[in-house]
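On a predicted model such as this, the values are computed, not experimentally measured, just so you know. Every heavy atom of this structure was used, including side-chain atoms; hydrogens, water molecules and symmetry mates were not.
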Amino acid sequence: FQTFEGDLRWHHRNITYWIQNYSEDLPRDVIDDAFARAFAVWSAVTPLTFTRVNGLEADIVIQFGVQEHGDGYPFDGKDGLLAHAFPPGRGIQGDAHFDDDELWTLGKGVVVPTRFGNAGGASCHFPFSFDGRSYSACTTDGRSDDLLWCSTTADFDSDRLFGFCPSERLYTEHGNADGEPCVFPFTFEGRSYSACTTDGRSDGYRWCATTASYDQDKLYGFCPTRVDSTVNGGNSAGEQCVFPFVFLGKEYSSCTREGRSDGRLWCATTSDFDRDKKWGFCPDQGYSLFLVAAHEFGHALGLDHTSVPEALMYPMYRYTEEPPLHEDDVKGIQHLYGGRPNPEPQPPTTTPATKPTAPPVVCTTGPPTVRPSERPTAGPTGPPSVSPTGPPSVSPTGPPTAGPSAAPTASLDPSEDVCNVYIFDAIAEIGNRLHLFKDGRYWQFSGGQRRRVQGPFLIRDTWPALPHKLDSAFEEPLTKKIFFFSGRQVWVYTGASVLGPRRLDKLGLAPEVAQVTGALPLGGGKALLFSRQNFWRFDVKTQKVDSRSPSPVDQMFPGVPLNMHDIFQYRDKAYFCQDRFYWRVNTRNEVNQVDEVGYVTFDILQCP
Amino acid sequence: GPRRHQPTYVVFPGELRTSLTDTQLAEEYLYRYGYIKVAEFRNDNQSLSQALRTLQKRLSLPETGELDSTTLEAMRAPRCGVPDVGG
């Protein structure tokens, strides 16, 4: 590792940081969370704490800028130089700057949160297939109301999960119109506008009126950014692709690599590139703001570049899903600040110190009720603010007033409340407590007299080998082995040791078994494994299903629904879940009768 | 059947970088990240080779002192803007 000349470091422990402005590439809460997690990388191995403040007095000022952005070290457009930071000290020292000509993501493509629809605000999944075609941006296809939508899974045709993409026709942000959508055309200073405009503003933000006449009503909002089709770099950064466009006399209705030797996708931002020569790069995987920020914050704490290619402080960008710190980084930062004084951190009993890594997700209320072809109801958003004609007193780039802090605080984040999750990925009784898994996190629930919920915890903190998304899990009461299933893979944890991932065919399941949707331990080292309408007898000792062909579920468990997404055992009863409901079967009396039907959250978790 | 058409490459307005030669790209990179100081640069092969060797050592690349493809690829990779030498 290397430090800067003179071992520059901070001489206090509680470091403060200020997010001075935002990139439009990511939702604000995702940016806040990425920076908070990037700081947490370093606080986890040092005595340092990082507290977010609001103002220039912060030790570390975080800024997005392009080209020359005020410090004499200009950025260089898309790619190449991504960000830089200054070593610890006063003034600009310690600050971190990010090149906003880059596409900032979480490393795996644009993050487009959705609204309404039936996916509870989940982000778009690009590419997704719809009606046999592949889409890598939001689309109005399939709709008659011209609203932009996307699938939140790879395959809309089979999963039917969708949401509406940011669009000024759906809502506006900030301004003074309570998030009402734009009205087109509207008049402003006597002129008619049929699209968002930056006229009247010097900060380049696109806005619109939410009534037919801004001159008369003075009601306005800012147009949401469409990151899925906004170009980066080129000579029209921040503008939208225009499809179709003409290039060398040929018409293109999607991004293309034609004309380039580096294979990068681009599009024109007017209908005729041959005439107007306006263009930019189409969204690609982008750069993980979390990883680049963690690197820059290393500089801001006093670390220089290292020659260890696997280390976080190596100068080149490398996307990884692993924890980014290398032993070389830890040695370096502990050379400057020492190790973390407390014993190993315990799992939080109430809320985790770190924020969720994904935008808040509010799950659906039952089978999709809104089809792409139906109109959503609009919702209010955004605080009232100033008119676009005067300098904004609270500009859209102003930071939100509250943010994550180093000390665990009672979380206000609705997505952390187990009662807000309607559809769980998997539910399993482990160690006499119900474990509910969702999107990389899980809660522990103890029922009985005193209802007690703990979490959410990060799955990877407890079972590091597991993926983000689980299909099912079960604990074998005899051996205490815990089986986790996701897709065609299985993991078997015995205490902290893990076997897997292994393919399901290692258990004797045929290739066409796409996933294990549930399991019922039978005791004596036996269990039932479920997949869709079938189940197999499974021997935990040999870890094989018996060779007979599967049995249909409704043969053994009459009355339960067939398209279950989870089956688990809890307090000696079998639970068959479909959507947010369960059918409880008493397996004791061999008749396997359904003796109760209810809501998972209200009747099992006793949510209010 | 259809024949693959010969690709046509255009220089896109506002995109300087692609028009740099490899050596120009290398000189700009070595200067920007501190491997050579303008005053020291004598524009001869020896000082370029020395600077390249320093870069290759620093980035754990094969130390050839040549502007080989591995080094050029590293120079084109997205990276942090803090200089590697000289703080």
Side-chain angles (χ1 to χ4, degrees), chain A residues 2-6 8 73-87 97-99 102 233-237 247-248 257-262 264 266 273-274 276-281 287 292 295-296 298-299 303-311 313-319, chain B residues 2-22 24-38 51-64 68-87:
Chain A
Q2 296 239 73
T3 58
F4 291 104
E5 224 165 304
L8 294 178
Y73 295 95
F75 288 137
D76 60 352
K78 185 171 171 35
D79 300 318
L81 196 162
L82 305 181
H84 56 215
F86 298 84
H97 301 168
F98 297 83
D99 184 352
E102 311 304 344
N235 59 7
S236 332
F247 168 60
L248 297 181
R257 293 184 169 81
E258 283 297 323
R260 298 196 64 85
S261 56
D262 56 14
R264 285 154 79 185
W266 68 278
F273 176 83
D274 296 344
D276 307 320
K277 300 285 189 288
K278 300 289 280 178
W279 71 283
F281 290 110
Y287 296 105
V292 174
H295 175 99
E296 298 308 330
H299 287 315
L303 282 182
D304 201 346
H305 285 150
T306 178
S307 300
V308 177
E310 298 76 23
M313 293 312 295
Y314 187 70
M316 304 317 189
Y317 173 83
R318 181 174 63 90
Y319 177 72
Chain B
R3 280 184 301 115
R4 277 185 67 79
H5 71 281
Q6 279 308 309
T8 313
Y9 297 129
V10 299
V11 175
F12 282 78
E15 198 176 36
L16 277 180
R17 193 175 310 124
T18 46
S19 54
L20 292 180
T21 64
D22 288 348
Q24 285 168 332
L25 176 71
E27 284 168 1
E28 187 200 324
Y29 191 99
L30 292 167
Y31 165 68
R32 178 190 285 266
Y33 295 109
Y35 292 99
I36 43 176
K37 301 268 185 300
V38 172
L52 283 172
R53 200 176 288 278
T54 310
L55 173 137
Q56 286 157 348
K57 182 173 176 37
R58 192 60 195 281
L59 297 181
S60 300
L61 300 174
E63 295 181 38
T64 62
D68 50 41
S69 61
T70 309
T71 307
L72 269 173
E73 190 188 338
M75 287 180 169
R76 287 202 174 89
R79 59 158 291 161
C80 168
V82 173
D84 298 330
V85 179

- Message: Test of understanding: with ring pair (Phe, Tyr, Trp, His ring centres under 6.0 Å), list the residues that count as partners of A:Phe75, not counting sequence neighbours.
- Response: A:His69, A:His84
- Hey, is the main chain of B:Lys57 close enough, under 3.5 Å, to the side chain of B:Glu63 for a donor-acceptor pair? no
- Task: Using modelled atom types only, decide if a donor and an acceptor are shared between the side chain of A:Asp304 and the backbone of A:His299 within a distance under 3.5 Å.
- Result: no
- Message: Please classify the contact of A:Glu102 with chain B as side chain, backbone, both or neither, using a heavy-atom distance under 4.5 Å.
- Response: neither
- Item | Selection from A:Arg318, A:Lys277, A:Gln2 maximising heavy-atom pairs under 4.5 Å formed with chain B | A:Gln2
- Among all residues two or more places apart in sequence or in another chain, which pass the salt bridge (Lys or Arg N to Asp or Glu O under 4.0 Å) test with B:Arg32? B:Glu28
- Query: Side chain, backbone, both or neither: which part of A:Leu8 has an atom under 4.5 Å from a heavy atom of chain B?
  - Reply: neither
- Message: Tell me whether B:Arg79 forms a cation-pi arrangement with A:Tyr314, defined as NZ or CZ under 6.0 Å from the six-membered ring centre and within 45 degrees of its axis.
- Response: no
- Query: Salt-bridged, A:Lys278 to A:Asp276, with N to O below 4.0 Å?
  - Reply: no
- Message: Under 4.5 Å from any heavy atom of chain B, what part of A:Tyr287 do you find: side chain, backbone, both or neither?
- Response: side chain
- Query: What residues of residues 68-78 of chain B sit under 4.5 Å from chain A when only non-hydrogen atoms are counted?
  - Reply: B:Ala74, B:Ala77, B:Pro78
- Query: Is the side chain of A:Ser307 donor-acceptor paired with the backbone N or O of B:Leu59 at a distance under 3.5 Å, no angle test?
  - Reply: no
- Across all chains, not counting sequence neighbours, the side-chain hydrogen bond (donor to acceptor under 3.5 Å, both in side chains) partners of B:Thr54 are none
